[in-house]
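All ligand and atom numbering here is 1-based and tracks the order in the structure.
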Amino acid sequence: MMGLLMPHPLPQLEAPPPPTAPASTRRQQSLRDSHGRAIHDLRLSITDRCNFRCRYCMEPDDRFLPKRSLLSTDEYMRVVDAAISVGIRKVRITGGEPTMCPDLDLIVRELGKRDLDDLAMTTNGWRLVVSTVNRWREDGLTRLTFSLDTLREDRFATITRSSSSVFDVIHSIENALMGGLPQPKVNVVALRHFNEDEFADFADLARDLDIDVRFIEYMPLDSGRAWTRDRVVAEQDILASISARHRLEEVSLSNRHSTSRSYRFADGAPGRIGIIAPVTRPFCGACNRLRITAEGAVRPCLFSNREWDLRPLLRHNATTDDLAQFLVDAVWTKQAGHGIGLEGFQQPERGMSAIGG
Ligand code: SAM
Ligand code: SF4
């Protein structure tokens, strides 16, 4: 049935258990992969639905999973509790578009009760109002990241294929600031022949609003499979484009797991620029992330071609320890790197919106 519904069928979820981690890792009960990386950061997708169809992510005719196959709020919390018990310290709520999930408020509230260092969310900025931000902040949300790839309305309509607008998204960002969430971030996917003439304008936006603007290299995770290497704008080209207008100084980051390089403005203006360059400067060696899809598939890597289904455990009353053990075993299989550009690289069957970016 799922195959009939999905133009790009999702991978067959492998039945549990994943290959077991060595006894010593299992005894330590911590998320550690076979390449020595400790995992502390969970990307939790709570829906595969979206009201946009960004060209680098989804196709207009992509279908969504049947609602019954998504996890319930209670099941997400059981997974998160298990993940925390084996070392997860940060959770980012993502999707699809998280604000399309009817239980989002409840999920934020429940996650806010957990012992975490950071609780963040990534959103396309659809009609966010100050009262919602206030509520999420009071419930424990610490950070918001918005996606915005152009500052020109005609281009926005082209790239998102949505009824929203640049104006609406910027209004949402301003509402996040007014709602007291510090330093919202804006993610910009850098696309050759699309927005490369706007990078310096985005730097102006960072300065004007005192926010972090982060440019992300386009990755082969579009469900339309149109990605080509020549559509990627490399880190150096992004920097050169901004530097033609503003002098930048690199900031050394205390977080060694950060996927981005960060820059401030040399003239002391507020705001920051970040560059995430998975294609031209892979950071896999420092990766500390684990992903859970909206229907409970464990993906140790964004580019995993293997994933493991938590649902049978969840729906047969597994304990927190059982779930934690399953996560320990799944993480052990995390691949060394994504392999983009290497011979034999295979784009994952899921697109970004079905994984959780
Ligand atoms: N819908 C929300 C949003 O757009 O912010 C959250 C989910 S979206 C999949 C998470 C992030 O993935 C967004 O910042 C989006 O720009 C990014 N993204 C999606 N497809 C991508 C691709 N092919 N390459 C790089 N980034 C991508
Ligand atoms: Fe939706 Fe986000 Fe993908 Fe755009 S990037 S289609 S907003 S999930």
_So does Pro270 get a backbone contact from the side chain of Asp210, meaning a donor-acceptor N/O pair under 3.5 Å?_
no
*asked:* Strictly under 2.8 Å, is atom 3 (Fe) of ligand 2 approached by any N, O or S atom of Cys54?
replied: no
*Taking only heavy atoms of Tyr218, which atoms of ligand 1 are found under 4.0 Å from at least one of them?*
23 (N), 24 (N)
*Which bit of Thr123 is near ligand 1, meaning a heavy atom under 4.0 Å away: side chain, backbone, both or neither?*
backbone
*asked:* Can you confirm, on distance only, whether ligand 1 has an N/O atom lying under 3.5 Å from any N/O atom belonging to Thr145?
replied: no
*Is the cationic atom of Arg192 (NZ for Lys, CZ for Arg) positioned less than 6.0 Å from the six-membered ring centroid of Tyr218 and within 45 degrees of its normal?*
no
*asked:* Quick test: of every protein heavy atom, which one is nearest to atom 3 (Fe) of ligand 2, and how far off is it to 0.1 Å?
replied: Cys57 SG, 2.4 Å
_Starting from atom 1 (Fe) of ligand 2, what is the nearest protein heavy atom, named by residue and atom, and what distance separates them?_
Cys50 SG, 2.2 Å
*So which bit of Thr122 gets within less than 4.0 Å of ligand 1, heavy atoms only: side chain, backbone, both or neither?*
both
*Considering Pro278, Pro220, Ser147, Gly356, which one's heavy-atom position lies nearest to atom 13 (C) of ligand 1?*
Ser147
*With atom 7 (C) of ligand 1 as the reference point, say which of Gly96, Ser353, Gly357 has the nearest heavy atom.*
Gly96
*asked:* My understanding is that only one of Asp115, Asp41, Asp118 makes a salt bridge (charged side-chain N to carboxylate O under 4.0 Å, His left out) with Arg89; could you say which?
replied: Asp115
